[in-house]
Amino acid sequence: MEDILLKQMWAAYDKKLEKSLALNQRLITEMQTQKVRSALRPLKAIKIVAVILGIIWSLFLSALVVLAIMYMTPYSLFFIVSAMAVIVITVTAIVVYIRQVSLIQQIDNDSNVLDTQKKLVRLQLSTISIVRILMLSAPFYTTFYFNKGMFENGTIGLWVFQLTITFLFSALAIWFYQNAKMENVDKRWFKIIFGSSEWTSLTKAQHFLREIEAYEKE
């Protein structure tokens with residue numbers, strides 16, 4: 001009789017312990033998930049500001065392009081082509097940033113750890129991709145100001161300097177586009193370029209998710 005009673009007490013204790021462990025796990029998961037959302041809030045704000053600034057910049061350049069076309073000269077082509085290239089790249093970035101804001105919102109509403117991890121990876125890859133694309137606009141900032149005076153009065157030294165700057169910006173943009181990848185995430189130059197709060201927010205969020213995953217495996 002005592003053995004039966006002891007077994008019943010032990011079974012009841014096991015159930016309470018299981019409930020307690022399940023509750024603790026749920027609380028820890030919720031706390032870490034909240035940390036993920038908190039880490040992503042600054043990132044969301046950065047993306048929204050980038051969208052607003054991108055729209056303003058695109059509209060400003062578009063207005064200047066219209067004026068340049070209205071008062072067209074052969075030398076205006078340098079500005080028009082350069083500005084149009086920057087506008088196209090900026091608009092591309094705006095679209096990507098809007099999608100990223102939507103993705104962050106989905107993460108805020110998602111309680112599944114695996115789905116959140118997948119979305120964070122998508123967000124990281126998207127962040128790297130758009131920075132690569134934005135860097136391609138760098139050379140055009142070295143050509144938009146070509147004008148009549150430079151062609152008529154520019155010295156050889158001026159043109160050597162100008163073309164060297166344009167070449168260096170172009171080479172840097174191409175090199176960055178080819179090398180800015182996840183496999184280089186541990187390299188020093190990558191950490192310097194992506195050392196902003198935007199990237200830090202993503203790495204923090206991933207760290208919190210890994211803590212949840214590690215706890216669930218215990």
Side-chain angles (χ1 to χ4, degrees), residues 25-63 65 83-138 140-141 173-174 176-187 189-216:
Q25 182 176 344
R26 192 179 72 184
L27 289 173
I28 290 173
T29 301
E30 287 178 358
M31 286 173 60
Q32 293 301 100
T33 302
Q34 188 58 43
K35 286 182 181 180
V36 170
R37 291 168 181 161
S38 297
L40 290 176
R41 272 192 209 107
L43 179 61
K44 186 177 179 180
I46 290 170
K47 302 292 184 184
I48 292 172
V49 171
V51 168
I52 295 170
L53 293 177
I55 291 172
I56 293 171
W57 183 235
S58 298
L59 290 174
F60 174 70
L61 287 179
S62 298
V65 168
M84 287 298 294
V86 172
I87 291 168
V88 169
I89 292 171
T90 303
V91 170
T92 302
I94 291 169
V95 173
V96 173
Y97 282 139
I98 290 172
R99 288 177 179 173
Q100 288 179 347
V101 170
S102 174
L103 194 57
I104 293 170
Q105 190 61 44
Q106 290 175 35
I107 292 172
D108 280 344
N109 299 328
D110 203 341
S111 58
N112 186 285
V113 175
L114 183 60
D115 287 345
T116 301
Q117 284 179 325
K118 288 179 180 178
K119 286 170 184 172
L120 278 176
V121 170
R122 280 173 56 195
L123 200 54
Q124 271 192 321
L125 293 174
S126 176
T127 298
I128 293 174
S129 178
I130 196 56
V131 174
R132 291 169 67 205
I133 292 171
L134 284 171
M135 280 294 290
L136 292 177
S137 67
F140 296 103
Y141 286 98
I174 293 169
F176 184 82
Y177 185 84
Q178 292 176 337
N179 290 278
K181 300 175 182 177
M182 283 299 291
E183 49 261 40
N184 293 323
V185 71
D186 293 323
K187 293 187 178 179
W189 62 265
F190 190 99
K191 291 179 179 179
I192 292 172
I193 295 173
F194 288 92
S196 64
S197 56
E198 182 178 4
W199 188 259
T200 304
S201 296
L202 280 170
T203 53
K204 278 184 179 178
Q206 284 195 321
H207 173 71
F208 294 141
L209 281 176
R210 281 195 291 269
E211 287 184 354
I212 296 173
E213 193 175 22
Y215 182 80
E216 288 179 345

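What you see below is based on every heavy atom in this structure, not just the backbone, and it leaves out hydrogens, waters and symmetry mates.
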Enquirer: Test of understanding: with side-chain contact (heavy atoms from CB on, under 4.5 Å), list the residues that count as partners of Ile48, not counting sequence neighbours.
Expert: Lys44, Ile52, Val101

Enquirer: Output the distance between atom CD (Gln100) and atom CD (Gln124), rounded to the nearest 0.5 Å.
Expert: 11.0 Å

Enquirer: Within a strict 4.5 Å, meaning less than it, do heavy atoms of the Leu125 and Arg122 side chains meet?
Expert: no

Enquirer: Count the heavy atoms of every other residue, nucleotide or ligand shown that sit under 6.0 Å from CZ of Arg132, and state whether that count exceeds 12.
Expert: yes

Enquirer: Does atom OH of Tyr177 have more than 12 heavy-atom neighbours from other groups under 6.0 Å away?
Expert: no

Enquirer: Calculate, to the nearest 0.5 Å, the distance between atoms OH and OG1 belonging to Tyr97 and Thr127 respectively.
Expert: 7.5 Å

Enquirer: Between CG of Leu134 and CZ of Phe176, what distance do you get to the nearest 0.5 Å?
Expert: 9.5 Å

Enquirer: For Ile94 versus Ile55, what's the shortest heavy-atom pair and its separation?
Expert: CD1-N, 3.4 Å

Enquirer: Who are the ring pair (Phe, Tyr, Trp, His ring centres under 6.0 Å) partners of Tyr141, not counting sequence neighbours?
Expert: none

Enquirer: Return the NZ to CG distance between Lys47 and Leu103, rounded to the nearest 0.5 Å.
Expert: 10.0 Å

Enquirer: Return the minimal non-hydrogen interatomic distance between Ile130 and Ala93, and the atom names on each side.
Expert: CD1-CA, 3.3 Å

Enquirer: Looking at Ile128 and Ala180, what are the two nearest heavy atoms and their distance?
Expert: CG2-O, 3.1 Å

Enquirer: Would you say the side-chain atoms of Thr90 pair up with the backbone N or O of Val86, donor to acceptor, closer than 3.5 Å?
Expert: yes

Enquirer: For Leu61 and Ala83, which heavy atoms make the closest approach, and how far apart are they?
Expert: CD1-O, 4.3 Å

Enquirer: With side chain to side chain contact (heavy atoms under 4.5 Å, CB included) as the test, would you mind laying out the steps for Arg99 and Val95 before giving the verdict?
Expert: CA-CA 6 Å; Arg99 288 177 179 173; Val95 173; 3.9 Å; yes

Enquirer: Check whether any side-chain N or O of Ser58 sits under 3.5 Å from a backbone N or O of Gly54 as a donor-acceptor pair, and report yes or no.
Expert: yes

Enquirer: Which heavy atom in Val65 sits nearest to a heavy atom in Ile87, and how many Å separate them?
Expert: CG2-CD1, 4.2 Å

Enquirer: To check you understand the geometry: which heavy-atom pair defines the closest contact between Trp189 and Asn179, and what is its length?
Expert: CH2-O, 3.4 Å

